[in-house]
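Just so you know, these numbers use all the heavy atoms, side chains as well, and skip hydrogens, waters and symmetry mates. The structure presented is a predicted model; accordingly, all values stated were derived computationally and were not measured. Counting starts at 1 for both ligands and their atoms, following the listed order.
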Amino acid sequence: MYILGMESSCDETSASVIEAHDGILEIRSNIIASQIETHRLYGGVVPEIASRAHIEAVSSITREALETANITLSDVGCVAVTTHPGLIGALLVGVNFAKSLAFANNIPLVSVNHIHGHISAAYLSHTDLNPPFLSVVVSGGHTCLYVCEGYNEFREIGGTRDDAAGEAFDKIGRVIGMPYPGGAALDKLAHTGDKNAIKFPSPALRDSLDFSFSGIKTAALNYINSEKQKGTEINTADLAASYTDAIVTAIVKQAEGGLIKTGLDTLVLSGGVAANSHLRAALEKMCGKRGVRFVVPPISLCGDNGAMIAASGYFEYEKGNFADTSTNASACD
Ligand code: KG4
Ligand code: ZN
């Protein structure tokens, strides 16, 4: 069975075809049109521009996904679309396109939660992965710990009370002059600096598995401003290394706390920030020490993409959770 997955929650328009056979999910195509270059001019995503760019890309991206998979619309057994959370105008483009395509062609439609999609990317890269496991989702908009109790069945045991880790990386990246989104550039720069150079407050809250990134963001901004006032040139490599280390250490601490609390033997990392080399290495080390299996999708499946939406959509299809004509987009979780 072929599933067409559609994603348009933020600044990537993506369509993908995956094939489900004998419980195995395989990617046949995964086409992504990124708007990053457009938004870079403004230092961040401009929602109105994002919606317009999705409209321009969605038809051709879908056609390309079908052609690359070497199938036609009549071969598609299910259309899966991100309905929430995300930018409302951006989501509406994908949702209305997918609804039209599905209902005009009598194809079942399923609604997918973007975060569940990120977690499902791991089923594509690690076909032997089965629930239960502990999941850490770290993206531009989310930083959460979930117990994955079944396919698309989650119980949140930790999360951010304010900003997300990706947003924290992007913000400081921007202030030190890196192009949007700063996460990947900061990751690279951090390899060349001293992680002990600057002391930052931990984003890991005590006595819970929650996070707060507003304090570390403010501390970094204060550090930058006070160095500027003193006329001292900022060592951006040391800043990147120290800032990254504080964030990574906090995520590892809470993930380890989640493993201890639940006794689970597998940890899955996903979301755009899962591409971070320091985070991948640190979680792998902690899991190795604890004898826990560490699973992280390849970097190509960490950012927003249609394949992860198709994978999550497949589980909705299997459960018979079909979307009807009243299906709508929602900005919230
Ligand atoms: O999951 P995603 O593509 O979009 C959302 O759902 O938010 O995540 C995007 C986030 C951005 O904040 C971006 O800077 C961050 O992922 N990111 C990284 C890296 N690559 C992407 N953050 C840290 N290190 C990276 N290598
Ligand atoms: Zn995402």
Student: I'd like to check which ligand 1 atoms, numbered from 1 as shown, lie under 4.0 Å from a non-hydrogen atom of G140.
Tutor: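 So the atoms of ligand 1 that pass are 5 (C), 7 (O), 8 (O), 9 (C), 10 (C), 12 (O).
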Student: Step by step, would you call R293 with D128 a salt bridge (charged side-chain N to carboxylate O under 4.0 Å, His left out)?
Tutor: CA-CA 12 Å; R293 183 184 180 199; D128 60 340; 3.0 Å; yes
Student: Counting heavy atoms only, which of A185, G272, A168, G44 is nearest atom 21 (C) of ligand 1?
Tutor: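 Heavy atom nearest to atom 21 (C) of ligand 1 belongs to G272.
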Student: Please list, in number order, the atoms of ligand 1 under 4.0 Å from a heavy atom of G183.
Tutor: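 Those atoms are 14 (O), 18 (C), 19 (C), 22 (N), 23 (C), 24 (N), 25 (C).
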Student: Among protein heavy atoms, which sits nearest to atom 11 (C) of ligand 1, and what does the distance come to when rounded to 0.1 Å?
Tutor: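 Here the closest protein heavy atom is D170 OD2, 3.4 Å.
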Student: Would Y314 and Y123 satisfy ring pair (Phe, Tyr, Trp, His ring centres under 6.0 Å), going step by step from the backbone distance to the final call?
Tutor: CA-CA 11 Å; Y314 170 70; Y123 294 117; 9.9 Å; no
Student: Suppose I only count heavy atoms of D187 and a 4.0 Å limit; which atoms of ligand 1 are within that range?
Tutor: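 Those qualifying, in numeric order: 24 (N), 25 (C), 26 (N).
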Student: Would you please indicate if the ring centroids of Y180 and H39 are separated by under 6.0 Å?
Tutor: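 Between H39 and Y180, which both carry aromatic rings, the centre distance is not below 6.0 Å.
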Student: Any side-chain to backbone donor/acceptor pair from T143 onto A165? Under 3.5 Å, distance only.
Tutor: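 Here the side-chain-to-backbone pair exists.
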Student: With a 6.0 Å cut-off (strictly less than), is the heavy-atom count around CZ of R52, excluding the residue itself, greater than 12?
Tutor: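 Incorrect, the count does not exceed 12.
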Student: For P181, take its heavy atoms, then give the atoms of ligand 1 lying under 4.0 Å from any of them.
Tutor: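 Under 4.0 Å from P181, ligand 1 has these atoms: 14 (O).
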Student: Say whether E12, considering both its backbone and side-chain N or O atoms, lies within less than 3.5 Å of an N or O atom on ligand 1.
Tutor: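 N/O-N/O distance under 3.5 Å: no.
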Student: State whether the number of non-hydrogen atoms from other residues, nucleotides or ligands found under 6.0 Å of R40 atom CZ is greater than 12.
Tutor: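 Enclosed.
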Student: Would you indicate whether K188, at its atom NZ, is surrounded by more than 12 heavy atoms from other residues, nucleotides or ligands within a distance under 6.0 Å?
Tutor: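 For K188, atom NZ is not crowded (no more than 12 foreign heavy atoms under 6.0 Å).
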Student: Distance from H116 atom NE2 to M308 atom CE, nearest 0.5 Å?
Tutor: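 Between atom NE2 of H116 and atom CE of M308 there are 11.5 Å.
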Student: Could you tell me, atom by atom, which parts of ligand 1 come under 4.0 Å of a heavy atom of G141?
Tutor: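 Contacts of ligand 1 toward G141, numbered from 1: 7 (O).
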Student: Could you confirm whether H114 has any N/O/S atom lying under 2.8 Å from the Zn ion (ligand 2)?
Tutor: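 Coordinating: yes.
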Student: Please identify which atoms of ligand 1 are closer than 4.0 Å to at least one heavy atom of G166.
Tutor: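 Answer, ordered by atom number: 12 (O).
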Student: Does L4 form a side-chain contact (heavy atoms from CB on, under 4.5 Å) with L101? I'd like the steps, not just the answer.
Tutor: CA-CA 10 Å; L4 174 66; L101 205 66; 3.6 Å; yes
Student: At less than 2.8 Å, would any N/O/S atom of C10, backbone or side chain, sit next to the Zn ion (ligand 2)?
Tutor: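 Here the distance criterion (N, O or S atom, under 2.8 Å) is not met by C10, so no.
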Student: Quick one: CG on D304 to CG on D11, what's the gap to the nearest 0.5 Å?
Tutor: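 Answer rounded to 0.5 Å: 7.0 Å.
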Student: Are any side-chain N or O atoms of E233 and backbone N or O atoms of E227, one a donor and one an acceptor, separated by less than 3.5 Å?
Tutor: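 Checked: no pair found.
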Student: Need the ligand 1 atom indices (1-based, order shown) with element for anything under 4.0 Å from a heavy-atom of A275.
Tutor: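 Atoms satisfying the 4.0 Å criterion: 20 (N), 26 (N).
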Student: Distance to 0.1 Å, residue and atom name: give those for the protein heavy atom nearest to atom 19 (C) of ligand 1.
Tutor: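 So the nearest neighbour among protein heavy atoms is A184 N, 3.7 Å.
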Student: What part of D304, side chain from CB on, backbone N/CA/C/O, both or neither, has a heavy atom under 4.0 Å from ligand 1?
Tutor: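 For D304, the contact with ligand 1 is made by both the backbone and the side chain.
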Student: List the closest protein heavy-atom neighbour of atom 23 (C) of ligand 1: residue, atom name, distance to the nearest 0.1 Å.
Tutor: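 Protein heavy atom at minimum distance: N276 ND2, 3.4 Å.
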Student: When only distance counts, is C302 in polar contact with ligand 1, meaning an N/O pair under 3.5 Å?
Tutor: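 By distance alone, the answer is no.
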Student: Parallel, tilted or perpendicular for F169 and Y243, by the 30°/60° rule?
Tutor: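 Aromatic pair F169/Y243 classed perpendicular.
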Student: What N/O/S atom of D304 gets nearest to the Zn ion (ligand 2)?
Tutor: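 It is OD1, the N, O or S atom of D304 closest to the Zn ion (ligand 2).
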Student: Using a plain distance cutoff, I'd like to know if H118 has any nitrogen or oxygen under 3.5 Å from a nitrogen or oxygen of ligand 1.
Tutor: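 Such a contact does occur with ligand 1.
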Student: Distance to 0.1 Å, residue and atom name: give those for the protein heavy atom nearest to atom 15 (C) of ligand 1.
Tutor: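 Answer for atom 15 (C) of ligand 1: V273 CG2, 3.8 Å.
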Student: Of all the atoms in ligand 1, which lie at a distance below 4.0 Å from a heavy atom belonging to H114?
Tutor: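 Under 4.0 Å from H114, ligand 1 has these atoms: 6 (O).
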